[in-house]
Q: 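One structure follows; several queries about it will come next.
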There are 2 protein chains.
Amino acid sequence: MTTSTIKVLLAEDQSMVREALAALLGLEPDIEVVAQVARGDEVLGAVRAHAPDVALLDIEMPGATGLEAAAELAVEFPALKVVILTTFGRPGYLRRAMESGASAFLVKDAPASQLAEAVRKVLAGEKVIDPALAAAALSEGADPLTDRERDVLREAADGATNAELAARLHLSQGTVRNYLSTAIQKLAARNRAEAVRIARDKGWL
Amino acid sequence: MTTSTIKVLLAEDQSMVREALAALLGLEPDIEVVAQVARGDEVLGAVRAHAPDVALLDIEMPGATGLEAAAELAVEFPALKVVILTTFGRPGYLRRAMESGASAFLVKDAPASQLAEAVRKVLAGEKVIDPALAAAALSEGADPLTDRERDVLREAADGATNAELAARLHLSQGTVRNYLSTAIQKLAARNRAEAVRIARDKGWL
DNA sequence: ACCCTCGTATGACACCTGTCATGCCGGACC
DNA sequence: GGTCCGGCATGACAGGTGTCATACGAGGGT
């Protein structure tokens with residue numbers, strides 16, 4: 001191993017995908033996968049233990065999301081480059097990734113060749129973002145929801161009734177309805193279910 | 001290439017995952033990925049063109065699902081072995097996979113080593129199914145929904161209103177409500193949103 | 001022939017949901 | 001210190017939703 005070998009940490013919850021990506025990166029002579037984790041809350045410890053140059057993070061993971069992990073890493077390891085790799089090219093995800101200090105944002109239906117390329121580019125100080133996605137993220141503005149509105153919407157996603165939402169969130173039923181009502185209007189939806197779908201699509205949930 | 005090399009077709013819509021899986025399988029000396037497709041409706045043509053021994057199919061794909069593709073393949077290529085590879089270990093998926101003549105059902109969070117192993121096993125005539133998943137599929141019985149109930153539920157999933165559902169399905173509003181009502185009761189849900197969630201979780205949608 | 005299920009439909013009723021007006025409190029920002 | 005916003009609450013109203021009884025025709029099974 002020469003000093004020019006790039007050390008990569010891979011965080012992805014689906015073993016088969018994670019190991020397959022590791023196999024893919026293993027084909028690159030200048031890249032070495034030094035650690036693999038399956039949970040968001042194991043990222044920080046693994047970085048401390050293995051000191052990688054680049055962290056490749058999936059978003060949807062148990063324990064903590066890749067976005068949350070990225071935010072933690074930015075504090076303790078400002079020199080570490082973070083690549084977010086996700087199934088869903090949701091504008092809100094991209095926005096949060098950039099705010100968390102990520103250097104690259106890749107969607108899993110991009111060609112595989114872009115993965116190793118992105119790793120090299122971020123180490124060279126470049127940012128890697130799909131231009132179309134960047135445009136979408138910029139054009140649609142920020143999340144208009146307040147924290148409580150988002151909470152209520154998230155809880156409502158599984159089909160809970162107002163009474164249940166009120167109980168879960170320790171609120172009155174009327175308050176729950178008010179939050180839902182404002183959220184529905186902000187998202188230009190026609191009912192809670194549509195509001196949930198819209199918020200999820202945009203990556204705000 | 002000797003006659004003992006196993007020819008595999010890979011169908012998976014996310015390029016990065018697909019090529020990563022190909023890289024993984026490529027590490028096996030006795031396995032060769034002879035074709036890759038990104039859509040369910042391209043599977044049949046690719047099998048005709050490349051005559052693989054095993055087809056590795058994702059379920060969620062544009063064009064047609066892997067389950068639909070498997071059913072088609074069973075008719076035209078009864079000797080071809082089908083391995084279903086999916087993110088979601090939903091009992092209904094497993095059931096439909098088996099009914100479509102698949103020989104293996106793998107979830108993506110199983111260890112990567114099981115992939116090549118499954119390919120070899122199905123060629124040897126074995127079936128590969130996670131025992132826990134099989135138990136779940138058997139214990140919870142079959143889909144209780146009628147075709148129309150399923151249709152209505154599927155359309156209702158994005159938050160459409162009764163009037164919209166009626167228009168989309170060319171039904172009266174009352175009929176839509178009847179279907180939803182019976183579906184809600186069959187699934188022991190308390191409203192349409194919960195019914196959608198339950199049906200989706202079980203792989204019935 | 002008879003029965004059952006499914007698809008389709010209507011009308012009535014109770015309940016849930018979404019909207020709006022209004023109010024209070026605390027913190028943030030001039 | 002006043003104004004604005006967010007969190008929280010109530011009450012009233014309209015409209016959407018879920019349930020039920022009921023009906024009829026087509027098709028499958030005994």
Side-chain angles (χ1 to χ4, degrees), chain A residues 92 95-96 99 140-205, chain B residues 92 95-96 99 140-205:
Chain A
R95 180 182 294 263
R96 277 190 278 161
E99 285 167 1
E140 90 177 327
D143 182 351
L145 302 174
T146 67
D147 287 346
R148 292 308 258 163
E149 285 161 2
R150 208 174 303 111
D151 286 347
V152 175
L153 218 49
R154 200 178 296 122
E155 292 295 325
D158 66 354
T161 181
N162 278 335
E164 268 186 359
L165 296 179
R168 285 192 211 166
L169 298 164
H170 309 293
L171 291 175
S172 85
Q173 251 186 81
T175 305
V176 167
R177 291 202 281 162
N178 286 339
Y179 286 151
L180 281 172
S181 183
T182 56
I184 288 165
Q185 285 177 281
K186 284 179 178 176
L187 300 176
R190 284 195 314 311
N191 52 52
R192 63 183 66 193
E194 201 181 5
V196 166
R197 185 179 56 78
I198 293 172
R200 197 175 263 155
D201 278 359
K202 304 218 175 188
W204 293 337
L205 224 58
Chain B
R95 181 181 293 264
R96 278 191 276 162
E99 284 168 1
E140 91 179 327
D143 182 352
L145 301 174
T146 68
D147 287 347
R148 292 306 258 163
E149 286 161 0
R150 209 176 301 112
D151 286 348
V152 175
L153 218 49
R154 200 179 294 122
E155 292 295 325
D158 66 353
T161 180
N162 278 336
E164 268 185 1
L165 297 178
R168 285 192 211 165
L169 298 165
H170 309 295
L171 291 175
S172 86
Q173 251 186 82
T175 304
V176 167
R177 290 203 280 161
N178 286 341
Y179 287 153
L180 281 172
S181 183
T182 56
I184 287 166
Q185 286 177 276
K186 284 178 178 177
L187 300 176
R190 283 195 316 309
N191 53 52
R192 62 183 68 194
E194 201 182 4
V196 166
R197 184 179 56 77
I198 293 171
R200 197 174 263 155
D201 278 359
K202 304 219 173 185
W204 293 337
L205 223 60

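Letters go in sequence order (proteins before strands), and every chain restarts at 1.
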Q: With rounding to the nearest 0.5 Å, note down the distance linking NZ in A/K186 to CD1 in A/I198.
A: 14.0 Å
Q: Could you tell me whether the side chain of B/N191 and the main chain of A/G159 form a donor-acceptor pair under 3.5 Å?
A: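 Judged by distance alone, yes, a pair lies under 3.5 Å.
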Q: Could you work out how much the helix from C/dA1-D/dT30 to C/dC30-D/dG1 bends, comparing the axis of its first five pairs with that of its last five, to 10°?
A: 40°
Q: Is a salt bridge present between A/D143 and A/K202, judged by a nitrogen-to-oxygen distance below 4.0 Å?
A: no
Q: Can you pull every protein N or O that's under 3.5 Å from an N or O on nucleotides 12-17 of chain D?
A:
from   : atom 1 : to     : atom 2 : distance (Å)
D/dT17 : OP2    : B/T161 : OG1    : 3.1
D/dT17 : OP2    : B/N162 : N      : 3.2
D/dT17 : OP2    : B/N162 : ND2    : 3.2

Q: So, do A/N178 and A/Q173 sit near enough that their side-chain heavy atoms are less than 4.5 Å apart?
A: no
Q: So if I define the base as every atom that isn't primed, P, OP1 or OP2, how would nucleotides 3-9 of chain D read as a B/S/- string at a heavy-atom cutoff under 4.0 Å?
A: ----SBB
Q: Please round to the nearest 0.5 Å and tell me the distance separating atom CH2 of A/W204 and atom CZ of A/R96.
A: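 One finds 11.0 Å between CH2 of A/W204 and CZ of A/R96.
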Q: State which residues pass side-chain contact (heavy atoms from CB on, under 4.5 Å) with B/E164; sequence neighbours excluded, sorted by chain then number.
A: A/R190, B/A160, B/T161, B/R168
Q: Rounded to the nearest 0.5 Å, how far does CG of B/L153 lie from CZ of B/R192?
A: 9.5 Å
Q: List the residues meeting side chain to side chain donor-acceptor pair (under 3.5 Å) with B/R148, not counting sequence neighbours, and say none if there are none.
A: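 Partners of B/R148 by the side chain to side chain donor-acceptor pair (under 3.5 Å) criterion, ordered by chain and then number, come out as B/D151.
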Q: Does the distance from a Lys or Arg side-chain N to an Asp or Glu carboxylate O, for B/R197 and B/E194, drop under 4.0 Å?
A: yes
Q: Counting distance only, does the side-chain N/O of B/E149 pair as donor-acceptor with the main-chain N or O of B/T146 below 3.5 Å?
A: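 Confirmed, B/E149 side chain pairs with B/T146 backbone.
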Q: Tell me, please, the opening and closing nucleotides of DNA chain C, 5' to 3', among those with an atom under 4.0 angstrom from a non-hydrogen atom of chain A.
A: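 So the outermost contacting nucleotides come out as C/dT17 to C/dC20.
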